[in-house]
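In what follows, every chain begins at residue 1, and chains take the letters A, B, ... in the order their sequences are listed.
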Amino acid sequence: MLCQLRGTVDDSKLPGIPQGPMPFNLSWRASIRYYSTSLQGSKLFPVKELTTHDILLQSRFIYQPAAGLVHWLPLGLRTYRKLQAVIRKRMDQAGGLEMELSSLSSKNLWEKTKRWDNNELFKFKDSKYRDYCLVPTCEEEITNLIGDLCSSYKDLPLLTYQIARKYRDELRPRGGLLRGREFLMKDAYSFDLTKEDALRSFDNVNEAYRKIFEDLKLPVTVANADSGSIGGDLSLEYHLIHKSGEDVLFECNSCQTVSNVEKCQSLPEKGFKGAKEAECQYFINKDRNTLIIMYYPKGRTLTPRYIMDEIPDIDFSIDEEMALAMFKNESEESSSFLVKEIIRVIDPRVTSNTNMPDLKVLYHRNSMFTFTDIPIVEAVAGERCYECEKGTLSEHTAIEVGHTFYLDKKYSSPLDCTVVNEKNESTIVYMGCYGIGVSRLIAAIAQTGRDEVGLTWPQIIAPYQITLLSNKTSNEENLDVVAELLSSFDLQVDGRDGKFSMGHKLKQSKVAGIPLQIIVGKHFPLIEIEVRSPIQHSQELKDLYKRKTWDWEIQESPQTAGCSEKHLVHLTGLAQVVDLLLKCL
RNA sequence: GGUCUGAUGGUCUAGAGGUAUGAUUCUUUCUUAGGGAGGAAGAGGUCCCGGGUUCGAUUCCCGGUCAGACCCCCA
């Protein structure tokens with residue numbers, strides 16, 4: 001793939017450089033085109049004012065044919081594949097077995113897990129009017145598959161994964177890759193005989209995730225999370241902190257616990273005397289014999305599910321009016337007042353100093369129970385951590401890029417995924433599921449890594465590691481010599497001539513976030529290397545510098561946009577220096 | 001599903017009741033030659049779709065479609 005961008009439009013003048021197959025059968029000319037037309041109109045829209053999504057579009061990583069859909073272009077596809085390779089490597093090391101399930105799934109499994117009635121599911125009918133969906137995730141299919149194929153405890157523990165496209169009928173897709181209707185996700189599923197084993201599998205995958213983000217050199221934040229519609233009771237989210245993020249996290253400055261706002265209880269600040277005024281909301285339990293009244297400070301967001309541990313049979317599907325009607329109705333029918341109960345849940349911010357609203361039901365003192373120590377509203381920054389009760393919470397916005405769930409038997413039970421144990425007894429397996437949004441991760445990395453000049457990728461997923469380019473006057477043979485010298489590297493050779501100036505080619509490479517620009521120009525046989533983002537010199541590099549027997553100058557912090565340092569190296573040492581520089585990234 | 005905004009050459013845009021401005025891009029060509037080069041000539045538009053008002057609508061009105069932002073939702 002050396003000469004993908006090499007040469008002029010005139011095929012007859014192509015130099016004798018090996019030509020690899022073009023991705024997607026794009027013609028030679030199309031390849032030149034995607035490069036040369038990038039950032040059109042950049043004078044009108046300087047890169048630093050563009051959104052990251054626009055940079056991805058204009059530097060031809062992706063093409064957006066319609067809202068929520070993405071075509072991957074040659075440059076973007078390289079990053080897309082490299083990121084998959086990183087994930088694949090770590091999942092394999094964790095013992096994962098890669099598979100690939102169909103993107104289509106028939107209705108019956110989804111009915112068993114009660115997830116068919118979801119308007120984000122892409123549903124359609126075939127010519128025989130049978131219902132299908134495009135998979136938004138694969139718990140149903142994989143659980144069914146494993147239940148069918150695995151029958152003995154000897155098959156466990158089992159970890160399967162796939163990197164495949166997923167579909168969600170988002171009402172309003174947004175932010176391009178961040179929230180598309182079709183996206184790439186790595187989804188993994190673990191199957192274990194016992195809960196202990198399942199929790200070990202959960203830890204195992206989380207460890208693999210840690211390594212993946214370490215490979216990418218990303219400062220990922222792990223947060224306790226609500227498990228949402230997936231269910232289960234243990235769930236971790238992986239986030240990149242960024243101001244554009246849609247998730248809100250709270251971090252405790254004492255115990256360091258990070259939690260998603262959806263799963264973050266908080267205590268009032270020290271010395272808080274109580275809210276001025278309270279509001280309340282009524283709920284009823286599933287047996288319809290207990291009314292639950294939640295009191296919380298006026299103006300705060302009530303989070304009723306925080307009481308789930310204490311009142312597991314609370315029924316959130318019944319609204320306030322219905323709950324009150326049911327309770328009153330039951331009261332009349334039932335002659336015994338004693339079987340009726342009222343539970344008051346009073347948020348800790350509501351105290352004796354607080355104005356309480358009037359009760360809407362008659363009650364009997366003996367049948368009333370009160371919680372006063374369970375926080376039931378969304379946390380806000382500045383309040384005290386509920387975990388350690390010492391630290392103060394601070395707020396961050398973040399982009400969620402990964403999520404792990406311990407599922408217990410949530411899916412294995414309705415889908416009857418069982419194995420026999422040593423005693424030949426049938427037992428339901430324990431599951432976990434684990435996702436990384438691959439396409440979203442690319443967008444998140446682009447977003448968090450970009451600067452005024454353009455994108456900056458972690459070296460391991462940059463579309464190319466190096467752009468090798470010529471200036472307008474250097475002769476082609478010199479470029480060939482250097483290309484040959486560096487042929488073992490992941491190299492993009494931009495030998496376009498004519499109207500493409502050196503500055504033009506440099507800018508394009510830097511906008512695209514290629515880590516190194518190497519210029520074959522007027523100093524030949526000295527070669528210029530520009531480093532896109534700041535790096536730490538390794539000891540190895542410093543040693544080589546001391547031992548060098550050929551020309552090598554380093555210019556720290558040059559006054560060039562998108563360039564942290566420049567090297568002027570003689571051909572003789574070029575490959576060694578490039579190799580060590582890449583290792584510093 | 002709600003609220004708002006928008007739709008004009010491939011891309012971005014100006015504009016006004018009388019078929020359209022500028023830039024960019026693309027083609028040919030000359031010059032230039034180290035930080036997104038400059039000139040010359042050329043190419044490229046049923047002004048989103050349907051209806052209404054009008055002598056005449058791309059422009060005004062109504063409806064639709066699509067796109068974007070904010071809600072809502074959300075493994």
Side-chain angles (χ1 to χ4, degrees), chain A residues 9-10 29 32-33 35-47 50-51 53-54 57-60 63-69 115 118-121 135-139 166 168-176 178-181 183 185-189 225-232 235-239 246-247 260 262 400-407 410-411 432-437 440 453-454 469-475 494 496-512 517 519-524 528 530 558-563 566:
Chain A
V9 176
D10 181 356
R29 187 180 159 118
I32 297 271
R33 181 188 168 81
Y35 199 95
S36 63
T37 58
S38 66
L39 294 187
Q40 47 203 344
S42 60
K43 280 177 185 166
L44 298 172
F45 303 100
V47 169
L50 288 177
T51 63
H53 181 234
D54 283 332
L57 288 171
Q58 298 212 17
S59 55
R60 302 294 185 259
Y63 179 85
Q64 192 169 352
L69 305 184
R115 295 214 298 173
N118 176 344
N119 53 15
E120 268 193 15
L121 211 51
V135 290
T137 171
C138 286
E139 281 81 10
K166 301 293 182 304
R168 278 183 215 164
D169 193 0
E170 295 281 351
L171 288 167
R172 270 277 158 249
R174 259 174 300 126
L178 282 172
R179 180 173 292 263
R181 308 174 89 190
F183 53 97
M185 183 163 88
K186 188 283 308 174
D187 48 327
Y189 306 92
D226 188 61
S227 35
S229 68
I230 286 281
S235 161
L236 295 176
E237 282 176 351
Y238 291 75
H239 287 271
E246 296 196 333
D247 284 80
N260 192 298
E262 293 163 1
E400 180 190 344
V401 292
H403 206 154
T404 59
F405 298 87
Y406 168 65
L407 292 174
K410 159 119 180 167
Y411 290 90
C433 71
Y434 317 91
I436 291 180
R440 172 185 279 191
V453 175
L469 55 98
S470 54
N471 67 4
K472 281 189 178 178
T473 51
S474 65
N475 77 52
D494 188 353
R496 291 174 297 168
D497 57 8
K499 64 182 295 188
F500 298 103
S501 69
M502 188 193 72
H504 185 111
K505 292 190 267 195
L506 273 171
K507 275 278 168 23
Q508 284 201 331
S509 175
K510 289 174 193 292
V511 170
Q517 284 74 40
I519 306 161
V520 179
K522 63 185 181 187
H523 302 296
F524 191 87
E528 295 153 84
E530 298 199 4
Q559 298 298 309
T560 309
C563 176
K566 290 185 188 178

When the [atom1] atoms of [N] and [M] are considered, how many whole Å apart are they?
| N | M | atom1 | value |
| --- | --- | --- | --- |
| B:rG42 | B:rG36 | P | 30 Å |
| B:rG56 | B:rG63 | P | 23 Å |
| B:rG68 | B:rC60 | C1' | 25 Å |
| B:rA40 | B:rG22 | P | 14 Å |
| B:rU24 | B:rU65 | C1' | 29 Å |
| B:rA69 | B:rC12 | P | 15 Å |
| B:rU25 | B:rU11 | P | 15 Å |
| B:rC47 | B:rU21 | P | 14 Å |

Requested in this report: On RNA chain B, check which nucleotide each of A:Gly68 and A:Tyr434 is closest to and give me the residue with the more 5' one.
Outcome: A:Gly68
Query - First encountered from the 5' end of RNA chain B, between A:Asp187 and A:Gly503 - result: A:Gly503
Checking all strands, does [X] fall into the base, sugar-phosphate, or nothing category for heavy-atom contacts under 4.0 angstrom?
| X | answer |
| --- | --- |
| A:Thr404 | nothing |
| A:Gln559 | nothing |
| A:Gly435 | nothing |
| A:His523 | base |

What about [X]: does its side chain form a donor-acceptor pair under 3.5 Å with the base of [N]?
| X | N | value |
| --- | --- | --- |
| A:Arg179 | B:rC74 | yes |
| A:Gln517 | B:rG35 | no |
| A:Lys566 | B:rG35 | yes |

With both distances under 3.5 angstrom, what nucleotide forms a Watson-Crick or G-U wobble pair with [N]?
| N | answer |
| --- | --- |
| B:rU5 | B:rA67 |
| B:rA57 | none |
| B:rU24 | B:rG10 |
| B:rG34 | none |
| B:rU46 | none |
| B:rA16 | none |

Closest approach to the side chain of [X], judged atom by atom: which nucleotide of [options] is it?
| X | options | answer |
| --- | --- | --- |
| A:Ala67 | B:rA67, B:rG35, B:rA37 | B:rA67 |
| A:Lys472 | B:rG34, B:rC73, B:rA37 | B:rA37 |
| A:Leu506 | B:rA33, B:rG35, B:rG36 | B:rG35 |
| A:Arg168 | B:rG35, B:rC74, B:rA33 | B:rC74 |
| A:Glu170 | B:rC73, B:rA37, B:rG35 | B:rC73 |
| A:Glu528 | B:rA67, B:rC73, B:rG35 | B:rG35 |

Expressed in angstrom and rounded to an integer, what is the separation of [X] atom [atom1] from [N] atom [atom2]?
| X | N | atom1 | atom2 | value |
| --- | --- | --- | --- | --- |
| A:Leu57 | B:rC12 | CG | C1' | 14 Å |
| A:Leu178 | B:rA69 | CG | C1' | 15 Å |
| A:Asn471 | B:rG36 | CG | C1' | 15 Å |
| A:Gln508 | B:rU25 | CD | P | 11 Å |
| A:Asp54 | B:rC12 | CG | C1' | 12 Å |
| A:Glu237 | B:rC74 | CD | P | 13 Å |
| A:His504 | B:rG34 | NE2 | P | 16 Å |
| A:Arg181 | B:rG68 | CZ | C1' | 15 Å |

Requested in this report: Starting at CG of A:Leu506, measure out to CG of A:Leu469 and round the result to the nearest 0.5 Å.
Outcome: 5.0 Å
Query - Syn/anti state for B:rU25 [syn: chi within 90° of 0] - result: anti
Do [X] and [Y] have side-chain heavy atoms sitting under 4.5 Å apart?
| X | Y | value |
| --- | --- | --- |
| A:Glu120 | A:Glu170 | yes |
| A:Arg179 | A:Arg440 | yes |
| A:Asp187 | A:Cys433 | no |
| A:Tyr434 | A:Leu236 | no |
| A:Arg115 | A:Leu121 | no |

Query raised in the report: Judged by atom type as modelled, is there a donor-acceptor pair below 3.5 Å linking the side chain of A:Arg60 to the main-chain atoms of A:Leu57?
Result: yes
Requested in this report: Establish, with yes or no, whether the OP1 or OP2 oxygen of B:rA37 is under 4.0 angstrom from a side-chain nitrogen or oxygen of A:Ser501.
Outcome: yes
Requested in this report: Classify the angle between the aromatic ring planes of A:His403 and A:Phe405 as parallel (below 30°), tilted (30 to 60°) or perpendicular (above 60°).
Outcome: parallel
